[in-house]
Amino acid sequence: MLDRSAQLFNAAQRCIPGGVNSPVRAFNGVGGSPVFISRAEGAYLFDEDGNRYVDYVGSWGPMIVGHLHPSVRAAIVDQLDRGVSFGTPTAIETRLAEKVCALIPSIEKVRMVSSGTEAAMSAIRLARGFTGRSRIVKFEGCYHGHADSLLVKAGSGALTMGVPTSPGVPAELANLTITASFNDLQDLERIFADAGPEIAAVIVEPIAGNMNCVPPAPGFLEGLREITAKHGSLLIFDEVMTGFRVHRHSAQGLYGITPDITVLGKVIGGGLPVGAFGGPARIMDSIAPTGPIYQAGTLSGNPLAMASGLATLELLDAPGFHARLEENTARLTEGLEKAARDAGVPFTTNRVAGMFGLFFSAAPRITNYAEVKACDVERFQRFFHEMLQRGVYLAPSAFEAGFISAAHGEDEIRQTLEAARAAFTAVR
Ligand code: KE4
């Protein structure tokens, strides 16, 4: 007898490509059939068969205050009773914009959109329009959503001409994207020596979270800032994942770097569809209707999503919020490393405040994409299922970061480490 999730997956695959509305959810990264979640609360997910899981995905980052937080729920319900969408300016859009500008000093003006992809795509167009240049630089292993110019990987050839990572992206467009190595400033220096005057912008995840969690090497972000400023290119921080997660003022506050444009998503919507891009007024005023660079969206600034995002950000104002997140992430990752050591399994972690990475590797720390790719993915896949069976829901991919919420406490971490001791033994 198939469990309910398996039955639902069979039905979903008949009318949704792969049975999912976003590929990573299909469990192709870990094998097996995805669990279908029916509800969530605090640090927990509950699947259609009634199984409970400690959740370390948090909808891929947005649920930083935990699922169904009473304040967020109340804000959504309050807005719901006044209508969900008007297609007009609303006061609550300004309140969220003001909150973002207060929390991220490099942002004087911000435009709301409906996803991180849309925000990154718009930021690229803004940088190209503002500088009059066409080429952009991204980093191998970093992900900025699925806009054409960003679905590009390093090609061969001296200029590391980009080649598409997906059919449907024209080679002519991919050619305008140069791919560099994350945490490798020499590589970037070489690219700018070759093509500096043509480069509109460098876009980077200040803490890589899409090659699993890889923090910036000391001096790397400072180097990006220096090189781009020297060549008149813009520096775009894609903080869709790190925004408000790693520090009250995001990664740029944690590392003390001022980018030209910041891309946001996830936490800023508290689980409802919100993305955003912002920066100094001198740049942002180039965006329609004040400037010529076109960008628009039917549901941009949706009042329900704004209410959810604003209530979430207001909860992050609590004294010690990020310190507690950091403490619990440290307790979790240090406990996992001990459990792996006791089981004799080569394993290490990375963490930055409320995000972390798990790696099956004998290396003391994982510092770049090549080292991530050398990790034991097959052992991670087995570990993932051993943990799932014991009620712990990790990201279903060896190349994704994990997230802790304010709802994770002693109990949840104890349950997780108990499951991990058995899971490490099982994958020894
Ligand atoms: P969305 O379009 O998925 O809202 O955001 C794209 C995006 C942009 N920038 C960064 C740094 C991101 O991490 C993302 C999306 N993250 C993935 C998981 N790593 C979302 C999960 C999914 O694709 O289903």
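The figures here come from the full heavy-atom set of this structure, side chains too, leaving out hydrogens, waters and symmetry mates. Position 1 is the first residue of the sequence; numbering continues from there. Indexing begins at 1, ligand by ligand and atom by atom, following the structure's order.
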note = Across all chains, not counting sequence neighbours, the ring-ring contact (aromatic ring centres under 6.0 Å, His included) partners of Phe192 are His231

key: Check: Lys266 N/O within less than 3.5 Å of ligand 1 N/O   = yes

ask   = In terms of residue, atom name and distance, what is the protein heavy atom nearest to atom 9 (N) of ligand 1?
value = Asp238 OD2, 2.7 Å

message = If you count heavy atoms of other groups shown closer than 6.0 angstrom to OH of Tyr294, is the number above 12?
response = no

ask   = Given the protein's heavy atoms, is any one of them under 4.0 Å from atom 3 (O) of ligand 1?
value = no

query = Would the number of heavy atoms belonging to other residues, nucleotides or ligands and lying under 6.0 Å from CD of Gln13 be above 12?
reply = yes

inquiry  = Quick check on contacts: which atoms of ligand 1 are under 4.0 angstrom from a heavy atom of Val240?
reply    = 7 (C), 8 (C), 9 (N), 10 (C), 12 (C), 14 (C)

query = Does a side-chain N-to-carboxylate-O contact under 4.0 Å join Lys99 and Asp317?
reply = yes

ask   = Quick one: which of Phe359, Phe424, Phe380 gives a ring pair (Phe, Tyr, Trp, His ring centres under 6.0 Å) with Phe347?
value = Phe424

Contacting atoms of ligand 1, where contact means under 4.0 angstrom from a heavy atom of Met241 = 13 (O), 19 (N)

ask   = For Asn210 and ligand 1, does the shortest N/O to N/O distance drop below 3.5 Å?
value = yes

query = How far is atom 18 (C) of ligand 1 from its nearest protein heavy atom, and which residue and atom is that?
reply = Glu400 OE1, 3.4 Å

request  = Provide, to 0.1 Å, the distance between atom 23 (O) of ligand 1 and the closest protein heavy atom, together with that atom's residue and name.
outcome  = Ser22 OG, 3.4 Å

task = Could you find the nearest protein heavy atom to atom 21 (C) of ligand 1 and give me its residue, atom name and distance?
result = Trp60 CG, 3.7 Å

ask   = How close does the nearest protein non-hydrogen atom get to atom 10 (C) of ligand 1, and which residue and atom is it?
value = Tyr143 O, 3.4 Å

query = Which option, Ser397, Gly209, Gly145, owns the non-hydrogen atom nearest atom 7 (C) of ligand 1?
reply = Gly145

message = Taking distance alone, with N or O pairs closer than 3.5 Å, would you say Glu205 contacts ligand 1?
response = no

query = Between Val30 and His385, is any pair of side-chain heavy atoms under 4.5 Å apart?
reply = yes

request  = Decide whether a cation-pi geometry holds between Arg39 and Phe46; the criteria are a distance under 6.0 Å from NZ or CZ to the six-membered ring centre and an angle within 45° of the ring axis.
outcome  = yes

inquiry  = Quick test of your reading of the model: are Arg248 and Glu326 salt-bridged, counting only N-O distances below 4.0 Å?
reply    = no

query = Quick one: does ligand 1 sit under 4.0 Å from the side chain of Glu118, the backbone, both or neither, non-hydrogen atoms only?
reply = neither

query = With the threshold set at 4.0 Å, does a side-chain nitrogen-carboxylate oxygen contact exist between Arg73 and Glu41?
reply = no

key: Contact with ligand 1 for Glu239, non-hydrogen, under 4.0 angstrom   = no

remark   = Here the atoms of ligand 1 under 4.0 Å from any heavy atom belonging to Val24 are 22 (C), 24 (O)

request  = Could you name the option among Gly61, Gly116, Ala147 that has the heavy atom nearest to atom 1 (P) of ligand 1?
outcome  = Gly116

key: Residue pairs, two or more places apart or on separate chains, that pass ring pair (Phe, Tyr, Trp, His ring centres under 6.0 Å) and touch residues 103-144   = Phe139-Phe220

